[in-house]
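Here is the structure we will look at.
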2 protein chains.
Amino acid sequence: MKRKITINDIARDLNISKTTISFVLNGKGAEKGISESSQTRILDHVKKISYMPNFSAQGLRTGKTKTICMMVEDIADPFFSSIARAMEEIAYMKGYKILYSSTENNTQKAKDLIQFYRRRQVDGYILAPPPGIEEDINELIDDNLAVVLFDRTLIGIEADNVLVDNFDISYKAVKHLIENGYRNIAMITLYSEQIQMTERERGYKEAVDEIKNTYFIKNIGFYDHPASNVQEIQRFIDLNNNIDAVFFTTNYLAEMGLEAIRNLKLRIPEDLGIVVFDDDKLFRLFSPTITAIAQPIGEISEHVIKLMLMLLSGKGVKKAKKSIVLPAILQIRESSRPKSD
Amino acid sequence: MKRKITINDIARDLNISKTTISFVLNGKGAEKGISESSQTRILDHVKKISYMPNFSAQGLRTGKTKTICMMVEDIADPFFSSIARAMEEIAYMKGYKILYSSTENNTQKAKDLIQFYRRRQVDGYILAPPPGIEEDINELIDDNLAVVLFDRTLIGIEADNVLVDNFDISYKAVKHLIENGYRNIAMITLYSEQIQMTERERGYKEAVDEIKNTYFIKNIGFYDHPASNVQEIQRFIDLNNNIDAVFFTTNYLAEMGLEAIRNLKLRIPEDLGIVVFDDDKLFRLFSPTITAIAQPIGEISEHVIKLMLMLLSGKGVKKAKKSIVLPAILQIRESSRPKSD
DNA sequence: GTCGGTTTATAAACCGTTTTAGTAACCAAT
DNA sequence: ATTGGTTACTAAAACGGTTTATAAACCGAC
C-alpha cells in the first residue's frame, strides 16, 4: 500500500518549512510575504507529486468540514431529488459537499439525524423540516451554525428560508377549475398542520368561497399503507358522487388518486377534472395530460444554496433573516379542460 | 457560542485519564480491563453532558471517515434515487454516511469526483461507472480502498459488482412482444459501448433472430438536446412505418419516445406496442398502462451495501471478487397487449 | 518479604494540518 | 555602530481524538 503523501514530505523534499507550504497552498503567500520563487517552487512540486491535504486534519484544525447537510422528506421524491441535484452542482463548485437524508417527515428521525450531523461537524443545515423540531433547530442557530429552511417554515424560528407561494398558486389552480366550468371541487390532502399544507388548503377554500360552494376535503394519513389510502380516496370519491373535480395537494396523493379514479372507471376530465400540486415529467405524457403546479426547482435551489454560502462565508450572519417567496407555475393541460356540458 | 465539549473535559471532570475514556467509549472497556464501576461512571457522565467525539479528530487518527461515496449517472433519475434511498437506510444503521454524486456519464467529471473524494478520505466507493475510468478505479483498488460496482462493469477491473441480467430480461421482453403478435420490433437505444447497453441490445437481437426478422435500431446521443432527440425518434418511427412495436432501452429514452409517438398521433398499442427498460411508478397509471422491465431495487441496494460493508470490515478483502447477477421482472401491462389483427 | 502475575489505569506519542509567535537577515537612517 | 523596519521564513503549539508502552497497586505463593 502506498503511503499517503503529507505536507511534511513536501517540507523535507523542498527543504522548506511546512508553515510556508501551508501558507502558499492556502493562497496566503502574498499576504505572508513568501517570495515568488518559493511559491512557484512549492506549487510546481505539489502538482508534480499530486499532493492533496488530508481532509480530516484540516477539519480538525479549522473546525470546518466544508460539508452541508440537506434533510428532506424523501430524497427519492422527484421534487426533492431534482432540488438535490441542482444544489449539488453549485455546492461542488465552491468546494462543498452536500449530505442528503430522508426524514420521512418523522420528528424523531429528524432529531437523530441532526445529532448525527452535529457529530460530523457539518457546517450548514438545509432543511425541509418536519413538525416538532423547532427546539433542535434553534439550538443549531444558537450554536452559530448556518441554517436555511425551504419548502416550509416553522413558527418561532428565525432562519433564512425559501418558500413557494403555496396559497396563491393553489388559489389560482382551483380558480382555473372554476373558470373551466367545474363547480363541486374536492381537495385531497394530508393530515398536516405544516404551513405549506395549510396554505394550499387556504388557497382552495378562498377560491371555493368565491362561488359560495361547500368544501369537499379528504385528509389522508401521512405515511400510511398506500393500498388502504387508495381505498379511502376511492370511497371518498364514490360517496361524494357530485364532485366534478379534484385538487391533489401533493403528487404522492395524486398517484394514489389516479389509481382510485382508474378503479372507479371514471373518465378524466369528463367525469372528474384533475389538478395536482407538484409536476412530474411524465404528467405531460399521460392521456389525458395532467394539469399540475410546477415549483421553480432551479430558482429554489439557487436561492437556498446562495443563502447558505453567504452564511458560511460569514456575511449575513448578523443580518436580519431573509424570507424569499417564489411564484409557482400552473401547467395547464388536458385533465382540467373546459367542461362541455 | 458554546464551547465544544472534548474528551479532555470529561477526563478533568471525572479525574480519569482520557485513555480510559476512549477505551470505554470504543467498547474496549472489558478487553482493556476497565472496572465496571469506572465504565458506568464514564458512560453515565457522557450521556449526561451528551458528549460527542469530534469526527475529524477520529478520522485523522484512525484514517477512517465512515463515509462511502456513490457515483451514478444522475441522482435525480428515479432508478438511482430509489437505490440511493434504500442504501442510505442500511448504511446509516451501521454508522456510515453515503455521499451522492451525478457523473452524467461524463468521464472527466467522474475522474474529478474521484479525486475530490480521495481528498476527503472516503472509505468506500460505490460506482455505476462511466466509460474510460478503468485506470482510476484500479488505482483505488491498488490503494486498498473498498470498491463495489453496480448497474454495469468495466472490463479489466477486478471488483465486486452487482448487475441485473440485462440480456436475459431484454430477450424476454422482446420475446413477449413477439408472442403477442408483434413482428417488426424496433429498439431505441443509446450510442454506448457500456456493457449494460450492449447486453440489452444482444437480448433484443437474439429474440428478433428467432423470428428471422431484421433489426430496426435507432441510436440516440447521450446527453444531447432532448428536443432534437424527440425529433430524431419521431423521424425514425415515421420513416420505418412498418414497425409495430418499440423496445426502449432506458426510461429516459421512453420519455422522449412517448412524446414522439404522441406527436405522430399513433395509438398504443394498436399502432405501436411498447416495452420500456426501467419501470416508473406512474407507468401503471398511464392510459394505456406501460409494460416495463422493473429492476429489483431493494435487492440491488442490499447486495451492494452488504458487499461494501464486508469490504470495509476487512473481511473479504483478499477474497476473490464476487459478481452478483440478479433477475429483473417484466411488468406486463396494456402497452404490449396481444395484437388483435 | 519478595517475586511474579493480574487488574486497572495512565502518560505520552501520534495522526496531518493551521496558526501563533517569533527570528534571522538585510537595509536605511540616525 | 546602533536602531528600527521590512522581508522571508520557521519552530512549536494547537486541534481532539486513538494507540502504544508502561506502571502502580494488589494478590497469593514461595
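In the text below, chain A, chain B and the rest are named by the order of the sequence lines, each starting its count at 1. Just the heavy atoms: all of them, side chains too, but no hydrogens, waters or symmetry mates, feed the values below.
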Side chain proximity check, A:Ile133 to A:Gln108, heavy atoms < 4.5 angstrom: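 Counting from C-beta outward, A:Ile133 and A:Gln108 never come under 4.5 Å.
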Exam field: side chain A:Thr103 to backbone A:Met71, donor-acceptor pair closer than 3.5 Å: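 Looks like no, no N/O pair under 3.5 Å.
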Short side-chain to backbone donor-acceptor contact, B:Asn54 and B:Ser56, under 3.5 Å: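 Yes, because the side chain of B:Asn54 sits within donor-acceptor range (under 3.5 Å) of the backbone of B:Ser56.
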Rounded interatomic separation in angstrom, taking [atom1] from [X] and [atom2] from [N]:
X       : N      : atom1 : atom2 : result
B:Asp9  : D:dC15 : CG    : P     : 11 Å
B:Lys28 : D:dT20 : NZ    : C1'   : 11 Å
A:Phe55 : D:dC15 : CZ    : C1'   : 15 Å
A:Lys64 : D:dC15 : NZ    : P     : 15 Å
A:Ile34 : D:dT6  : CD1   : P     : 18 Å
A:Leu60 : D:dA13 : CG    : C1'   : 13 Å
A:Ile7  : C:dT19 : CD1   : C1'   : 12 Å
A:Gln39 : D:dT7  : CD    : P     : 14 Å

Minimum-distance nucleotide to B:Ser38 side chain [options: C:dG16, D:dT10, C:dA9]: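 Of the candidates, C:dA9 comes closest.
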Listed nucleotide nearest any side-chain atom of B:Lys18, set D:dG16, D:dT18, D:dC9: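 Closest nucleotide among those given: D:dT18.
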Are any of the side-chain nitrogens in [X] or [Y] under 4.0 Å away from the carboxylate oxygens of its partner?
X        : Y        : result
B:Lys47  : B:Asp44  : no
B:Asp9   : B:Arg12  : yes
B:Asp143 : B:Arg118 : yes

Which part of the nucleic acid does [X] contact within heavy-atom distance under 4.0 Å: base, sugar-phosphate only, or nothing?
X       : value
A:Ser56 : nothing
B:Thr20 : base
B:Ser22 : base

Cation over ring face, B:Lys32 and B:Phe23, 6.0 Å, 45°: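 Judged by the rule, B:Lys32 and B:Phe23 form a cation-pi pair.
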Please tell me if [X] has a side-chain N or O lying less than 4.0 Å from either OP1 or OP2 of [N].
X       : N      : answer
A:Gln58 : C:dT18 : yes
A:Ser35 : D:dC9  : yes
A:Tyr51 : C:dT17 : yes
A:Asn26 : C:dT18 : yes
B:Thr6  : D:dG16 : no

Distance, nearest 0.5 Å, that separates CZ of B:Phe55 from CZ of A:Arg119: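 Separation between the atoms: 6.0 Å.
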Aromatic plane relationship, B:Tyr100 with A:Tyr100 - under 30° parallel, 30 to 60° tilted, over 60° perpendicular: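 Aromatic pair A:Tyr100/B:Tyr100 classed tilted.
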Counterpart residues, ring-ring contact (aromatic ring centres under 6.0 Å, His included), relative to A:Phe116 (two or more places apart):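 Testing A:Phe116 for ring-ring contact (aromatic ring centres under 6.0 Å, His included), a comparison that skips the adjacent residues, returns B:Tyr92.
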Sequence-aligned protein contact record of nucleotides 20-25 of chain C, with B where the base is within under 4.0 Å of a protein heavy atom and S where only the sugar-phosphate is: B-----
First of B:Ala57 and B:Ile16 reached from the 5' end of DNA chain C, by closest nucleotide: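 Comparing both residues, the 5'-ward one is B:Ile16.
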Every protein N/O within reach of nucleotides 22-25 of chain D N/O, cut-off under 3.5 Å:
none

